[in-house]
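Everything on this sheet refers to the single structure shown next.
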Amino acid sequence: MRLLPAVAALAAVVLAPPAPAAPQEDVPMVEGVQHVATVEGISEYRLPNGLKILLFPDVSRPTVTVNCTVFVGSRHEGYGETGMAHLLEHMVFKGTPTFEDVPKELKDRGAVFNGSTWLDRTNYYETLPASDENLEFAIHLEADRLVNSYVKQEDLDSEMTVVRNEFERGENSPQRILMQRMLATAFEWHNYGKSTIGNRADIERVPIENLRAFYEKYYQPDNAMLIVAGSFDPEKALQYAKEHFGAIEKPTRVLPSTYTEEPPQDGERTVILRRVGDVAQVGAVYHVPAGPDPAFAAVDVLESILTDNPSGRLYKTLVETKRAASVSGGTFALHDPGVLLFTAEVAQANEPQDVLRLMLETTEGVPSEPVTEEEVARARARLLARRERAANDTSRIAVQLSEWAAQGDWRLYFLYRDRLEEVTAADVQDVAERFLQSNNRTAGLFLPTEEPQSIEIPPRPDLAAMLKDYKGRDVAAAGEAFDPDPLAIEERVIRTELPSGLEVALLPKQTRGDTVDARLSLRYGNEETLQGLSGATNMLGPLMMRGTAELSKQEIQDRLDELQASIRAGGADGNLTFTISAKRETLPAVMALLGEILKSPALPPEELELLQQATIAQIEAQKSEPQALAPTEVRRALSNYPNPEDPRYVPTLEEQATMIADVTPEEVAAVYNTLLTDASGELAVVGSFDPDAVLELAKENLTGFGAPDAPSFARLPQVPNPNAPSGDKEIATPGKQNAVYYAALQLPISQEHPDYPALMIGDYILGSSGLSSRLGDRVRQQEGLSYGVGSQLSPRAKDDLTTFGVYAITNPGNVQKLKSVIREELDRLIAEGVTPEEVEAAKTSYLQKQRVNRASDSQLATKLASQLYNDRTMAFTAEIEEKVADLTAAEVNAALREHLDPAELYVVVAGDLNAEGEPAADVPVGVPTDPDAPAPDAPAPDASDAPAGPASP
């Protein structure tokens with residue numbers, strides 16, 4: 001293969017030592033903007049009208065994230081106002097006199113954007129390609145919609161039904177409703193017991209005058225924080241904020257402080273939920289201190305000690321004994337005292353009451369079985385490792401800071417870390433003894449006591465005193481400015497091949513925190529040798545992560561936490577994939593650990609049983625869920641591979657469960673010992689590393705395993721089904737308040753077909769671009785029929801097979817109207833075509849969004865690995881984008897009319913189709929498929945430890 005610029009020469013340029021960080025007191029200043037504090041590279045400013053501003057420059061990412069947080073959530077809602085904060089989150093996307101169509105304005109600039117509402121805050125963010133123009137646009141937009149959003153009756157009429165549809169989606173989940181009921185019972189008086197989504201009647205009946213008054217009261221600069229992170233000029237950001245936010249007058253009203261305190265709980269409380277479902281759940285909630293409390297870090301460690309996989313006490317008590325398929329936990333770090341939550345998914349043939357009893361015996365047994373220093377060290381290392389990995393992504397930090405600011409001060413983000421590092425076993429034992437008591441618990445049965453008992457929860461601490469002199473630490477090492485243009489990237493990529501045959505793509509660059517992301521895909525088997533092995537190939541990767549000849553699963557996880565790194569395994573049917581996240585200094589140790597996993601996996605039978613149990617429970621939980629049944633039916637109908645032994649066969653949910661249950665340890669071992677090889681696959685590495693050193697590490701650790709006489713790998717081809725059905729089918733799911741619409745058809749073209757770019761832009765205009773699309777505008781914005789609606793074009797890289805699909809969710813009573821409206825938009829797309837204006841806007845938006853996507857090192861590693869597999873380079877990406885840039889409306893319309901016939905769609909709707917109709921949640925909005933995305937037979941880039949079941953075409 002061609003070897004691009006010499007390894008040593010490129011390393012000398014790319015990996016030169018970064019310039020020393022500026023001292024923290026050397027911060028940008030703008031007249032009229034007050035500098036408040038700087039901690040570890042993040043600076044706080046204040047405008048005269050009260051707006052808080054946080055700036056976090058990071059030149060290593062070619063994007064800028066602008067986040068506006070309004071400090072209002074469900075905690076601030078009064079009688080009849082439940083869900084009002086969340087409803088307003090939707091309404092401020094409806095436009096202002098300056099920005100008439102907010103989603104379109106964001107889409108046109110290629111932004112990744114969203115909003116969210118939680119108990120203490122509402123936030124809005126957008127990540128855009130870095131430029132002064134985009135920076136000012138985003139700041140201007142957030143300032144404008146903070147105070148000038150329409151909040152009109154006609155928008156409320158349509159959006160209310162969308163929010164109610166979102167409410168109905170949540171009603172489909174027994175686990176979610178159980179948690180909601182437990183919180184409602186745990187909090188008798190505080191609003192933390194009320195769901196952020198709100199009460200159905202309040203959502204339906206809220207007067208527009210009340211909603212607007214709520215908006216005008218809370219959406220003001222003195223109750224908001226602007227956060228800017230990424231590659232930008234800090235002085236310009238302050239100038240833009242001063243110009244656009246500073247023009248807003250400081251309100252004369254004084255916001256009241258919430259003052260309700262939840263009194264100490266004085267006895268066990270019980271919740272029993274009976275709903276349609278397939279898998280039983282149990283849970284327990286305990287009151288704990290507020291997020292700013294010094295003890296909260298110990299609470300987090302306690303939760304980890306109890307729930308981590310595989311070291312957690314609940315995991316060992318419930319999962320390893322096969323009482324539960326999985327356990328999980330969570331801590332609510334909130335402005336006021338929150339909760340510690342535990343849940344378990346009951347395994348088949350077990351009584352939920354027994355599982356709950358064992359859960360409570362374990363959690364409330366900590367005081368009598370004290371935590372050990374080893375447990376604390378392990379949990380602390382894992383929590384710090386997660387935090388460290390997230391800390392190197394400034395776009396994520398921009399949003400995360402909202403949570404800490406909503407607790408009272410953004411600097412808690414750093415103070416929490418300091419506290420976490422200092423947590424001791426005594427600290428954890430103290431919080432366990434104080435809070436893990438039966439009379440502080442909501443779950444199980446109520447049992448009276450002879451004497452009253454109460455658990456005192458500490459009041460909210462004085463943050464001003466706590467943070468008065470806090471300085472933080474030195475600023476983390478910054479990365480380099482990175483050009484996401486595909487040809488600029490290609491100039492830096494080093495492509496080579498190991499002696500074993502493994503193809504390699506290296507992209508060394510300076511990253512914030514010296515991070516490295518890598519993706520290893522090992523290809524094995526062929527159509528003949530993979531027959532009947534889909535279950536075993538699904539289990540292979542996750543099982544390899546559960547132990548080696550020398551290391552247990554726990555020792556592997558401990559080593560990764562110590563290195564602040566992660567290795568995730570996944571794959572199916574001839575593809576074993578590992579995604580790696582590490583740092584420059586830890587990469588050699590991480591690669592050595594991966595080498596041990598590859599060369600001497602234990603494949604322990606007892607861990608296979610646990611994996612099977614967890615996977616089957618996930619499948620069982622979907623058997624009556626519309627969002628699983630509708631897509632599965634469509635994929636099965638379109639598949640051209642009816643033989644259940646064929647690795648391309650699409651099984652039913654029942655068949656999936658049986659397939660996983662039937663896997664034996666011998667089958668998994670046979671796949672490893674006879675099919676897996678080091679001779680075929682791809683390794684892509686992106687980040688701060690020495691290329692020569694990485695190549696040596698790869699030769700040492702990623703070769704020398706597998707069967708020397710393994711059959712040669714051959715890609716599994718896919719062809720369209722000539723007998724694919726069209727028309728409509730309905731699947732009844734009684735008791736489910738949310739219906740799912742899923743429709744698709746197949747096209748005999750690949751990504752390399754001349755019409756593919758035009759079809760992709762046509763699909764982008766129709767629905768894959770998100771909220772601002774023809775389907776989004778009509779189905780959600782105008783008709784209020786669906787919380788989530790969109791389209792998607794899913795091509796294969798080499799095969800002449802592309803799937804076009806449309807999806808939506810709705811109230812079951814609105815199914816017929818939804819089907820009619822979607823068909824009208826599809827027919828209009830073909831009959832009337834798209835306009836030149838739509839095409840120009842879509843091209844700009846699509847190309848900008850690709851630049852945002854390439855700012856992610858993990859996504860870039862996945863892209864480079866996929867390009868190796870498909871015999872491509874970034875030049876192919878550049879070629880596709882050049883074709884997109886040159887498209888005309890006539891070319892897009894010709895491609896749509898040539899290839900898309902709405903009459904050929906196979907439409908499946910699943911839901912409680914006998915439900916009474918009412919004027920009306922969250923299917924992810926689609927995005928155009930990356931031309932270099934992994935083929936559909938490859939696992940997701942971030943496949944988790946537990947396999948998600950067989951891959952679908």
Side-chain angles (χ1 to χ4, degrees), residues 28-37 42-56 64-73 75-76 84-85 88-89 91-99 102 115-118 120-126 135-151 211-229 232 234-258 335 398-399 401-411 463-464:
M29 300 296 294
V30 169
E31 185 178 356
V33 182
Q34 177 191 1
H35 174 250
V36 178
I42 302 177
S43 296
E44 178 184 356
Y45 298 85
R46 194 77 52 86
L47 292 182
N49 60 13
L51 180 79
K52 299 176 182 178
I53 304 170
L54 291 186
L55 301 185
F56 189 9
V64 61
T65 297
V66 175
N67 180 97
C68 184
T69 298
V70 184
F71 297 110
V72 60
R75 170 166 64 91
H76 303 87
M84 194 173 281
L88 271 176
E89 177 216 319
M91 294 291 284
V92 301
F93 280 94
K94 291 293 188 178
T96 72
T98 302
F99 299 98
V102 171
S116 66
T117 309
W118 188 222
D120 295 321
R121 56 90 190 135
T122 306
N123 81 298
Y124 307 88
Y125 73 90
E126 47 273 344
L135 174 64
E136 182 174 16
F137 157 75
I139 291 175
H140 186 187
L141 170 67
E142 294 303 341
D144 194 48
R145 65 174 171 174
L146 179 69
V147 293
N148 294 323
S149 293
Y150 284 129
V151 194
L211 189 62
R212 174 162 280 281
F214 193 88
Y215 169 72
E216 292 175 348
K217 177 180 180 180
Y218 288 104
Y219 277 62
Q220 296 290 345
D222 64 341
N223 193 45
M225 172 178 280
L226 176 72
I227 305 172
V228 184
F232 66 95
E235 289 190 12
K236 289 183 178 179
L238 291 176
Q239 289 286 2
Y240 297 148
K242 177 182 175 182
E243 177 182 352
H244 298 294
F245 277 95
I248 306 171
E249 292 186 5
K250 184 174 183 178
T252 57
R253 62 93 183 90
V254 176
L255 280 176
S257 299
T258 58
H335 182 277
V399 178
L401 287 172
S402 297
E403 304 297 340
W404 301 96
Q407 293 176 44
D409 195 295
W410 61 275
R411 290 171 294 177
L463 292 187

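This structure is a prediction, so every number in the text was calculated from the model and none was measured.
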Q: Go through the steps to decide whether L55 and F232 satisfy the test side-chain contact (heavy atoms from CB on, under 4.5 Å), and finish with yes or no.
A: CA-CA 9 Å; L55 301 185; F232 66 95; 4.1 Å; yes
For [X] against [Y], the heavy-atom pair lying closest together:
X: A241; Y: L226; value: CB-CD2, 3.9 Å
X: Q220; Y: K217; value: CG-O, 4.0 Å
X: L401; Y: W410; value: CD2-O, 4.1 Å
X: I139; Y: A237; value: CD1-O, 3.8 Å

Q: Show your reasoning for whether side-chain contact (heavy atoms from CB on, under 4.5 Å) applies to F245 and L47.
A: CA-CA 8 Å; F245 277 95; L47 292 182; 3.8 Å; yes
(Q) Test salt bridge (charged side-chain N to carboxylate O under 4.0 Å, His left out) on R121 and E403; report intermediate values, then the result. (A) CA-CA 8 Å; R121 56 90 190 135; E403 304 297 340; 2.4 Å; yes
Q: Report yes if the side chains of V151 and L211 come closer than 4.5 Å at any heavy-atom pair, otherwise no.
A: yes
Q) Do L88 and T122 have side chains that get closer than 4.5 Å, going by heavy atoms? A) no
Just by modelled atom types, is the [Y] backbone N or O under 3.5 Å from a matching donor or acceptor in the [X] side chain?
X: Y150; Y: T96; result: yes
X: N123; Y: S402; result: no
X: N223; Y: V70; result: no
X: E89; Y: A85; result: no

Q: Decide side-chain contact (heavy atoms from CB on, under 4.5 Å) for Y45 and Q34; before the verdict, give the C-alpha distance in whole Å, the side-chain angles of both, and the deciding distance to 0.1 Å.
A: CA-CA 5 Å; Y45 298 85; Q34 177 191 1; over 6 Å; no
Q: From the options K236, Q239, H244, select the one residue that forms a side-chain hydrogen bond (donor to acceptor under 3.5 Å, both in side chains) with E136.
A: H244
Q | By salt bridge (charged side-chain N to carboxylate O under 4.0 Å, His left out) - contacts of R145 (at least two apart) | A | E126, E142
Q | Trace of the side-chain contact (heavy atoms from CB on, under 4.5 Å) decision for L141 with Y124 | A | CA-CA 11 Å; L141 170 67; Y124 307 88; over 6 Å; no
(Q) Using the rule given for ring pair (Phe, Tyr, Trp, His ring centres under 6.0 Å), can you reason through H140 versus F99, listing the C-alpha separation, both sets of side-chain angles and the distance that settles it, and then say yes or no? (A) CA-CA 10 Å; H140 186 187; F99 299 98; 5.0 Å; yes
Q.
Considering only residues two or more places apart or on different chains, which pairs with a residue in residues 242-257 satisfy salt bridge (charged side-chain N to carboxylate O under 4.0 Å, His left out)?
A. D222-R253
Q | Qualifying residue for side-chain contact (heavy atoms from CB on, under 4.5 Å) with V228, from L54, L135, N67, T65 | A | L135
